[in-house]
Number of protein chains: 2
Amino acid sequence: MIGWVRLESGAVTTRSSTDAARVIPEATVARLPVYLRALTALADNGIRTCSSEDLATAAGVNSAKLRKDLSYLGSYGTRGVGYDVDYLRYQIAREIGVTQDWPVVIVGIGNLGHALANYSGFRSRGFRVVALLDADPALVGRTVADIAVRPFDDLDEIVREHDVAIGVIATPAHAAQDVADRMVGIGITSILNFAPAVVAVPEGVDVRKVDLSIELQILAYHEQRKANGGAEAAAAAADGVDAAGGGAA
Amino acid sequence: MIGWVRLESGAVTTRSSTDAARVIPEATVARLPVYLRALTALADNGIRTCSSEDLATAAGVNSAKLRKDLSYLGSYGTRGVGYDVDYLRYQIAREIGVTQDWPVVIVGIGNLGHALANYSGFRSRGFRVVALLDADPALVGRTVADIAVRPFDDLDEIVREHDVAIGVIATPAHAAQDVADRMVGIGITSILNFAPAVVAVPEGVDVRKVDLSIELQILAYHEQRKANGGAEAAAAAADGVDAAGGGAA
DNA sequence: CGCATTTTGTTCTCACGTTCACAAACTCCT
DNA sequence: AGGAGTTTGTGAACGTGAGAACAAAATGCG
């Protein structure tokens, strides 16, 4: 009976190139880029093979979680040996979709937009900034990171021309929803929002939010709890609650 | 027997000013700053009272979750009426710890560090940048956001002088672990890491990681799945998996 | 005063994510 | 070839989080 449950033997592999029961949990998806980076670091150090323990250490997770995460992609390791660094790296990159190049537009070229435009990590990881947009006429025409800033109204044209699917919002909070609406209207289906505001989008559009001050506030909360070394903190620590959450990596 | 298990009846309320079984789930802690911002927005619009439904909409969550989150803090609403905006705002701010001012240092004044130093959202939310540090002598002495950039070696002195508990790392990846070690060594217990690297810290130190390209990679994954409009995507959609994860806000 | 209405706070159930523990599978050595 | 040693992949137990649903408490109206 157990033999029948295994999915990668014989008949099943005759499916299309991408294989069977492919529902990767969101938590796993969020860690795949971390593994990818760790593998790249290992490869740069000339390491050809690694165990789940090695990779887990490099990625800052425990090895059981790593193995389970990888198991959602397929069986890319060899028991008793470990993983081939380059092979696994390619498989993860393919799964995430960074073997191809993704064009992105950045809207809002203030402090943060400026920094994002100059951030080399995008380019090196499969993302290409095809345009910088800003509604402020004073900024339009300036060149940032070798890219000319264009008026926000050019969004339609640019998105159509480059077939852009991913947009980055780096505007002040009050402009964020308008920008998002406009992006969605043109067919952008993934948004990375740096503006400190909640943006509502229709179903089918993904939004991820990066909020600098929220991260600090979360740290402040834990910091405050640590500082209150009183009775309640002690009680919490006794339960092992202290190290919970964003704790030791 | 069940009666004995209940924790908040009678005697327990005679504890110290902060009340009893105070274990706020990490997921809730992460949302409190969002509620805080939504409340501030409501207050700015002159709204004095709101229902959980109103606030939930403003914060982009559902009202049941909001009420449950708030219930961990205490009973600050009035049944049949709703919440007093200012009162609730103060309670959340106090819980997070942003009624006081938190001094922070930023290490690494490159693209991103520059943007962070200029980010007004920190100051307005209870965080004060007390120093900018960089190891590069060429940057030291420059002024960014009205703050002079100082050599990294001044870290000890600055942290002691201002009693800094929170450090921000905005260096290149290869320097991140060194900076973190140094920070931890001086007594910093909360780190916000923008460098694209995993930093290991001892227990008791909180690290939060903000990684721009990882966020894009997560979006790329979902984008790729949407694009593969084939059989597997259809099967996933039938399960309602499509909108999962970072989906509609 | 009592009743209908509103809205909170809480309980219950289910789904998701993490961790443990172990069998399966591979290598290496004798 | 066979056994000892390694390491993966996964089943099962556990803990946390989300959402539905409802009881409790407040208001307002007749």
Side-chain angles (χ1 to χ4, degrees), chain A residues 1-9 19-21 23-32 35 49-57 59-85 87-88 91 239-241 243-247, chain B residues 2-3 5-9 19-21 23-32 35 49-57 59-85 87-88 91 239-241 243-249:
Chain A
M1 270 302 253
I2 293 173
W4 289 99
V5 180
R6 302 251 359 221
L7 285 176
E8 81 257 50
S9 52
D19 57 58
V23 187
I24 301 182
E26 191 57 31
T28 297
V29 171
R31 283 187 292 265
L32 291 180
Y35 302 153
T49 296
C50 69
S51 68
S52 64
E53 195 64 44
D54 296 337
L55 183 52
T57 303
V61 301
N62 85 32
S63 63
K65 199 190 303 197
L66 173 84
R67 286 199 303 276
K68 177 148 273 200
D69 283 342
L70 294 185
S71 76
Y72 292 116
L73 311 192
S75 278
Y76 296 133
T78 307
R79 299 178 189 219
V81 179
Y83 300 93
D84 181 281
V85 172
Y87 180 59
L88 183 58
Q91 293 300 339
D239 275 326
V241 178
Chain B
I2 293 173
V5 180
R6 301 248 0 217
L7 285 177
E8 80 258 49
S9 52
D19 56 57
V23 188
I24 300 183
E26 192 57 30
T28 296
V29 171
R31 282 187 293 266
L32 291 179
Y35 302 153
T49 296
C50 68
S51 68
S52 64
E53 194 63 45
D54 297 337
L55 183 53
T57 303
V61 301
N62 87 30
S63 63
K65 199 189 310 195
L66 174 83
R67 287 199 301 278
K68 181 171 264 204
D69 283 342
L70 294 184
S71 77
Y72 292 116
L73 310 191
S75 278
Y76 296 133
T78 308
R79 298 179 189 218
V81 178
Y83 300 93
D84 181 281
V85 171
Y87 180 59
L88 182 58
Q91 293 299 339
D239 276 327
V241 178

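Below, chains carry the letters A, B, ... as their sequence lines are ordered, and counting in each starts from 1.
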Please report the closest heavy-atom contact between [X] and [Y], naming both atoms and the distance.
{"X": "B/Ala56", "Y": "B/Asn62", "value": "CB-C, 3.8 Å"}
{"X": "B/Tyr83", "Y": "B/Ser51", "value": "CD1-C, 4.4 Å"}
{"X": "A/Leu73", "Y": "A/Ile24", "value": "CD2-CD1, 3.4 Å"}

Quick one: [X] [atom1] to [N] [atom2], roughly how many Å, whole number?
{"X": "A/Tyr72", "N": "C/dC16", "atom1": "OH", "atom2": "P", "answer": "11 Å"}
{"X": "A/Glu53", "N": "C/dC20", "atom1": "CD", "atom2": "C1'", "answer": "14 Å"}
{"X": "A/Glu26", "N": "C/dT18", "atom1": "CD", "atom2": "P", "answer": "11 Å"}
{"X": "B/Leu88", "N": "C/dT8", "atom1": "CG", "atom2": "C1'", "answer": "12 Å"}
{"X": "B/Arg79", "N": "D/dA25", "atom1": "CZ", "atom2": "P", "answer": "6 Å"}
{"X": "A/Lys65", "N": "C/dG17", "atom1": "NZ", "atom2": "P", "answer": "11 Å"}
{"X": "A/Asn62", "N": "C/dG17", "atom1": "CG", "atom2": "P", "answer": "16 Å"}
{"X": "A/Tyr76", "N": "D/dT10", "atom1": "OH", "atom2": "P", "answer": "12 Å"}

Next item on the list: Let me know, please, whether A/Pro25 or A/Gly80 comes out on the 5' side of the other along DNA chain C by nearest nucleotide.
Entry: A/Pro25
Phosphate OP1/OP2 of [N] contacted by [X] side-chain N/O (<4.0 Å):
{"X": "B/Arg31", "N": "D/dA18", "result": "yes"}
{"X": "B/Ser51", "N": "C/dT7", "result": "no"}
{"X": "B/Ser75", "N": "C/dG9", "result": "yes"}
{"X": "B/Tyr83", "N": "C/dG9", "result": "yes"}
{"X": "B/Thr78", "N": "D/dA26", "result": "no"}

Next item on the list: Taking only the side-chain heavy atoms of B/Ser71 (C-beta and beyond), determine which of C/dT10, D/dT10, D/dG17 contains the nearest atom.
Entry: C/dT10
Margin query: Nearest to the A/Ala64 side chain among C/dC20, D/dT27, C/dT8, which nucleotide is it?
Written below: C/dC20
Notebook entry, point to check: Among side-chain atoms of A/Asp54 and A/Thr57, is any donor-acceptor pair under 3.5 angstrom?
Noted result: no
Check: Taking for each residue the nucleotide of DNA chain D bearing the nearest heavy atom, is the 5' side occupied by A/Asp69 or by B/Val81?
Finding: A/Asp69
Note to self: Taking donor-acceptor contacts at under 3.5 Å, does the side chain of B/Lys68 reach the base of D/dG19?
What the structure shows: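 When only heavy-atom distances are counted, B/Lys68 does reach the base of D/dG19 through a donor-acceptor pair under 3.5 Å.
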Next item on the list: Apply the test side chain to side chain contact (heavy atoms under 4.5 Å, CB included) to residues A/Leu88 and A/Leu55: give CA-CA distance (whole Å), side-chain angles for both, the deciding distance (0.1 Å), then the verdict.
Entry: CA-CA 11 Å; A/Leu88 183 58; A/Leu55 183 52; 3.9 Å; yes
